[in-house]
Amino acid sequence: MRNVIFLILPVLLSAQPGAPQEWRSWSGGNDGNRYSPLTQINRANVKQLKVAWEFQSGDADPRGRTAIQCTPIMVNGVLYATTPTLDAVALDAATGKLLWRFSPPSSRFRGVSRGVMFWQDKSEARVFYAAGTQLLAIDAKTGKAIPSFGDNGAVNLAKDLDRDPPGAMNGSSSPGVIYKDLIIMGSSVGEGPRMAAPGHIRAYDVRTGQRRWIFHTIPHPGEFGYDTWPKDAWKTSGGTNAWGGISVDDKKGVVFVSLGSPSYDYYGADRIGDNLFGNSIVALDANTGKRLWHYQTVHHDIWDYDLPVNANLFTWKGKPALAQITKQGYVFVLDRNTGKPLLPVEERAFPASEIPGEVASRTQPVPLKPPPFSPQRYEPSDVTPELKAKFTEMSKNWINEGMYIPPGKRGTAVVPGTVGGGLWGGAAVDPAKGILYVNSQNLPTIMQIVDAPPGSPYPYQLGGIRKLRDEKGNPGIKPPWGQLTAIDLNKGVFLWQKVLGKNSTTEKEVGTENFGGPVLTAGGLVFIGATKDEMFRAFDAATGAILWEAKLPAGGYATPATYSVNGKQYVVIACGGGARLDTKSGDSYVAFALP
């Protein structure tokens, strides 16, 4: 284990009037809103933004195989983040100076970390994050592991599931949440045609690492939802995991869990039924893990339409509400107390599966408001007449009938594809006004089911997921390929929708694929990187006009953060680039501020 230790001096904060200074969780706060009431940087002066500091961790892969998806947090004048190889770092939030660096016990671990968690009481402060299967606890002042937590500073997330499949993967790519003295964790699990770990939600003691409660996302006998699976499915089924994050109503003590699909993702003959709590938003008592209510967004998922990110908690016409974006481009708006839709949702009929043994759900819930923020049916690329002719001819061989058509043997066009629509970068919401901002990418997936080879655990399996691109690497669908959308959740209508990103291969305004999400400020600005062109932009929250942009040292494929130190507001973003969009890898965090 390698630790570089520096002394942390206290940083005194000068408050901006009426605005908190910190960014205490990866989504700003436990409400998941990626919103800041800071106003120092605003529509009138955002064009003056300059680089305030840059920190380089030095561990990017020169072959482009590493990335940074982390949104840093800022507490007490210190910024905490992770590097491409999942070291944790503490930086002076005003200067970017390294205060300490912590390396996981396993050497040079590579994987995904979207953020860290912070807890403190009167005597100490701790930073928690996941690397591989380990939930790690670090002293926030020294950067050293806390040996009294778990096993010498680590809890094995692959254990204490009440069913621990041997060799099954169970880690966490997104951070959990801190509620009182609990760390509430989701997980990332295997998805393929093999035994996968269940994605149960667990709460751990912040001091000892002991499990305090568990919620079975695949119900055990006698638990609610058990009858939506075959008998004893809990013994073999996996998935239904919250890999995209969790939100908490701190005042009411309610945790909102956004869950993914059961495994195997594309063939469900061994899990006939609606499969609660797959693809569900579940409200739990944060103190006990007891289920309060649930709402399922996809019944018996066979498209990998996970809920990809935590819900946004806001006020809807005076009522406590939540908004959940989806890979399909839908937004579900629910009453936070009951789980009932506040905007209309229709259970709509869809075709049966052609695959023997598969029993697709006869209906799926379709929001009538707001409209989907991504296209949901394949239209061939029309960037040039040649491309349109090529993809039109190709698509004749596919099933291309829109949403929720079960995958078949001759290939099904799934739009949006398995990488969104909406994804883990999340949405930003003004919690009082109820305006949501979400980016989306439009990349079709061609999904095909084939006979499995002898000895396989299933008779059928996914023959491949083909992300449809042209010879230049552009999505083979009609543009735009990337968009940023503002939605009035009170009325269920778009305020505006803009192309996101500039594509160098065509003169048309088509946007780009994108990963990472937006941050909204009371200064009337939406900050977002995300795009393949490696730019960082500020949009006017009211009109969608681009007010400022800057070139980053590598792609900003992470959601930014904003905070104030010593009376100065900063906006910081991870510049990790990487293989997701086939751009160079980076290893820096760049902060911008007014001169």
Side-chain angles (χ1 to χ4, degrees), residues 158-170 186-187 189-202 211 213-243 257 259-284 288-307 339 347 350 352-365 404 406-407 449 451-452 454-462:
K159 302 296 184 182
D160 289 329
L161 287 162
D162 295 343
R163 180 180 77 82
D164 302 339
M169 184 191 84
N170 194 307
S187 59
V189 302
E191 298 180 342
R194 62 184 188 280
M195 184 173 286
H200 302 327
I201 307 302
R202 290 164 290 175
R211 196 187 84 182
W213 58 253
I214 186 170
F215 173 75
H216 297 136
T217 62
I218 302 172
H220 287 207
E223 295 178 340
F224 188 96
Y226 180 75
D227 58 353
T228 66
W229 297 77
K231 182 181 178 181
D232 291 335
W234 68 277
K235 294 180 179 180
T236 56
S237 294
T240 63
N241 54 309
W243 64 266
V257 182
L259 292 164
S261 61
S263 299
Y264 182 31
D265 292 28
Y266 310 101
Y267 177 70
D270 65 332
R271 52 177 174 87
I272 300 303
D274 281 353
N275 304 146
L276 292 176
F277 294 94
N279 308 80
S280 297
I281 305 154
V282 184
L284 306 173
T288 65
K290 179 182 178 182
R291 172 191 162 273
L292 302 176
W293 58 257
H294 77 276
Y295 186 88
Q296 190 172 47
T297 61
V298 181
H299 311 314
H300 189 77
D301 185 10
I302 49 177
W303 302 271
D304 193 25
Y305 274 149
D306 298 329
L307 289 179
E347 281 286 338
F350 289 94
S353 173
E354 66 177 38
I355 302 300
E358 180 62 88
V359 182
S361 175
R362 290 179 293 179
T363 66
Q364 296 291 349
Y404 296 131
I449 302 297
D451 294 338
S456 298
Y458 301 98
Y460 301 95
Q461 67 184 37
L462 185 69

Return the set of residues passing side chain to side chain donor-acceptor pair (under 3.5 Å) with Asn279 (not counting sequence neighbours), or none when no residue passes. Asp301
Donor-acceptor contact below 3.5 Å, side chain Thr228 vs main chain Leu276: yes
Counting distance only, does the side-chain N/O of Ser263 pair as donor-acceptor with the main-chain N or O of Gly190 below 3.5 Å? yes
How far apart are the C-alpha atoms of Tyr266 and Gln461, what are their side-chain angles, what is the distance that settles it, and do they pass the side chain to side chain contact (heavy atoms under 4.5 Å, CB included) test? CA-CA 7 Å; Tyr266 310 101; Gln461 67 184 37; over 6 Å; no
Once side chain to side chain donor-acceptor pair (under 3.5 Å) is applied, do any residues pair with His299, and if so which ones, sequence neighbours excluded? Gln296, Glu347
Give a yes or no on whether the backbone of Ile355 and the side-chain of Glu358 come within a donor-acceptor separation of less than 3.5 Å. no
Closest approach of Phe215 to Gly289 (non-hydrogen atoms, all atoms of both residues): CD1-O, 3.7 Å
Please name all residues satisfying salt bridge (Lys or Arg N to Asp or Glu O under 4.0 Å) with Asp451, sequence neighbours left out, ordered by chain then number. Lys409
What is the minimum heavy-atom distance between Pro219 and Gly225, and which atoms define it? CG-C, 3.6 Å
Is there side-chain contact between Ile201 and Thr217, with at least one heavy-atom pair below 4.5 Å? yes
Got a sec, which residues hit side chain to side chain donor-acceptor pair (under 3.5 Å) with Tyr305, two or more places apart in sequence or on another chain? none
Ala360 and Pro406 have their tightest heavy-atom pair at CB-CG, 4.0 Å
Look at the side chain of Arg202 and the backbone N and O of Ser187, then say whether any donor-acceptor pair between them is shorter than 3.5 Å. no
Sequence neighbours excluded - side-chain hydrogen bond (donor to acceptor under 3.5 Å, both in side chains) pairs with any residue from residues 159-168: Asp162-Arg211, Asp162-His216
Taking the side chain as every heavy atom from C-beta outward, state whether Tyr295 and Val282 have any atom pair closer than 4.5 Å. no
Suppose we screen for ring pair (Phe, Tyr, Trp, His ring centres under 6.0 Å). Which residues come up paired with Trp229, at least two apart in sequence or across chains? none
Enter the distance from Tyr404:OH to Thr363:OG1 here, rounded to the nearest 0.5 Å. 10.5 Å
Can you sort out the partners of Gln364 under side chain to side chain donor-acceptor pair (under 3.5 Å), two or more places apart, ordered by chain and number? none
So Ser280 and Thr297, side chain to side chain contact (heavy atoms under 4.5 Å, CB included) or not? Walk me through it. CA-CA 6 Å; Ser280 297; Thr297 61; over 6 Å; no
If you compare all heavy atoms of Pro198 against all heavy atoms of Ile218, which two are closest, and at what distance to 0.1 Å? CB-CD1, 4.1 Å
With distance as the sole test, does Tyr264 use its side chain to make a donor-acceptor pair with the main-chain N or O of Leu462 at under 3.5 Å? yes
Could you tell me whether the side chain of His220 reaches within less than 4.5 Å of the side chain of His200, counting heavy atoms only? yes
Name all residues meeting the side-chain contact (heavy atoms from CB on, under 4.5 Å) criterion together with Ala269; count only those two or more places apart in sequence or in a different chain, and write none if there are none. Tyr267
Got a donor-acceptor contact below 3.5 angstrom from the Ser456 side chain to the Ala452 backbone? no
Derivation of the side chain to side chain contact (heavy atoms under 4.5 Å, CB included) call for Trp213 and Lys290: CA-CA 9 Å; Trp213 58 253; Lys290 179 182 178 182; over 6 Å; no
Does the Asn275 side chain pair with the main chain of Arg271, one donor and one acceptor, at a distance under 3.5 Å? yes
Using the test salt bridge (Lys or Arg N to Asp or Glu O under 4.0 Å), find all partners of Asp306 that sit at least two apart in sequence or belong to another chain. Lys327
Answer yes or no: is there a side-chain heavy-atom contact under 4.5 Å between Tyr460 and Pro356? yes
Is the backbone of Gly273 close enough, under 3.5 Å, to the side chain of His300 for a donor and an acceptor to pair up by distance? yes
side-chain contact (heavy atoms from CB on, under 4.5 Å) filter on Pro221, not counting sequence neighbours, yields Tyr226, Trp234
Ala352: what forms a side-chain contact (heavy atoms from CB on, under 4.5 Å) with it, not counting sequence neighbours? none
State which residues pass salt bridge (Lys or Arg N to Asp or Glu O under 4.0 Å) with Arg362; sequence neighbours excluded, sorted by chain then number. none
Side chain to side chain contact (heavy atoms under 4.5 Å, CB included), that's the test. Do Leu307 and Leu259 meet it? Break it down for me. CA-CA 6 Å; Leu307 289 179; Leu259 292 164; 5.6 Å; no
Looking at Ala196 and Gly239, what are the two nearest heavy atoms and their distance? CB-N, 4.5 Å
Identify the heavy atoms of Gly199 and Asn241 that sit nearest to each other, and give their distance. CA-CB, 3.6 Å
Non-hydrogen side-chain atoms of Val359 and Ser353 separated by less than 4.5 Å: no
